[in-house]
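Input: a single structure, listed below in structure tokens.
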Amino acid sequence: SQTIHQWPATLVQPVGSPLSLECTVEGTSNPNLYWYRQAAGRGLQLLFYSVGIGQISSEVPQNLSASRPQDRQFILSSKKLLLSDSGFYLCAWSRDRRNQPQHFGDGTRLSIL
Amino acid sequence: GQQVMQIPQYQHVQEGEDFTTYCNSSTTLSNIQWYKQRPGGHPVFLIQLVKSGEVKKQKRLTFQFGEAKKNSSLHITATQTTDVGTYFCAGGGSQGNLIFGKGTKLSVKP
């Protein structure tokens, strides 16, 4: 069966510090991968998605970036965090066909001080 | 771009009452999916509807996809405290992507 791992679960960072969140998927190959952000009590904002190694599509321009160095690894990064980057970050995967269900990791709660 | 509108934003019910959340799109959707996010948790896929007019049931949950494939609903019969959470619909867009609604947050008073 497929599993998705996302870490860390909680992170507190000062403004201006860098960020690296990692997500890995097991049990499937060539998945579509996604990064979402969810503000408290709000909906899901798609940040990035990837259909293959090195292929990243950005949905929202901001100071975040994503990379996919391996087939089942997806990384969310920032060089300098802003207060507005606080939120709940979710990684998800789906099979590499259109409109497939997405399966989410447990998420990372990021607080910027 | 394509959008999926979901109403209501919040719903407070007494345990045992029914609950319904609605999704609407201005464009035809290839499919509709429903997810549940428990408080403090992550969204979990519930079901996918593909055919026009399709109705599916999961115990007390009934999911419908409109005839024009532009709207959908989730109905919960006789809510329980375990139903608490936020319910998201997600429509299949023309680019093969999923378009999430903003969710309906359900609270159930025992």
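The figures that follow rest on heavy atoms only: side chains count, while hydrogens, waters and symmetry mates do not. Proteins come first, then strands; the chains are lettered A, B, ... in the order of their sequence lines, and each starts at number 1.
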Fill in the blank from the handout: So, the part of Q9(B) with a heavy atom under 4.5 Å from chain A: the answer is neither
Problem - Heavy-atom contact with chain B under 4.5 Å, split by part of Y49(A) - result: neither
Exercise for the section: Compute the centroid of each ring, for Y35(B) and then for F100(B), and state whether the two points are separated by less than 6.0 Å. Expected result: yes
Problem - Min side-chain heavy-atom separation P8(B)-T104(B) under 4.5 Å - result: yes
Handout entry: Choice from Q38(A), R109(A), Q102(A) maximising heavy atom contacts with chain B below 4.5 Å
Key = Q102(A)
Problem - Y22(B) atom OH, over 12 foreign heavy atoms within 6.0 Å - result: no
Exercise for the section: Among the options G91(B), P43(B), G92(B), G103(B), pick out the one with the most heavy-atom pairs lying under 4.5 Å from chain A. Expected result: P43(B)
Practice task
Indicate, with yes or no, if the rings of F104(A) and Y34(A) have centres closer together than 6.0 Å.
Solution key: no
Handout entry: Residues, nucleotides or ligands: over 12 heavy atoms within 6.0 Å of R42(A) CZ
Key = no
Practice task
Identify which of Q100(A), Q45(A), H103(A) forms the greatest number of heavy-atom pairs closer than 4.5 Å to chain B.
Solution key: Q100(A)
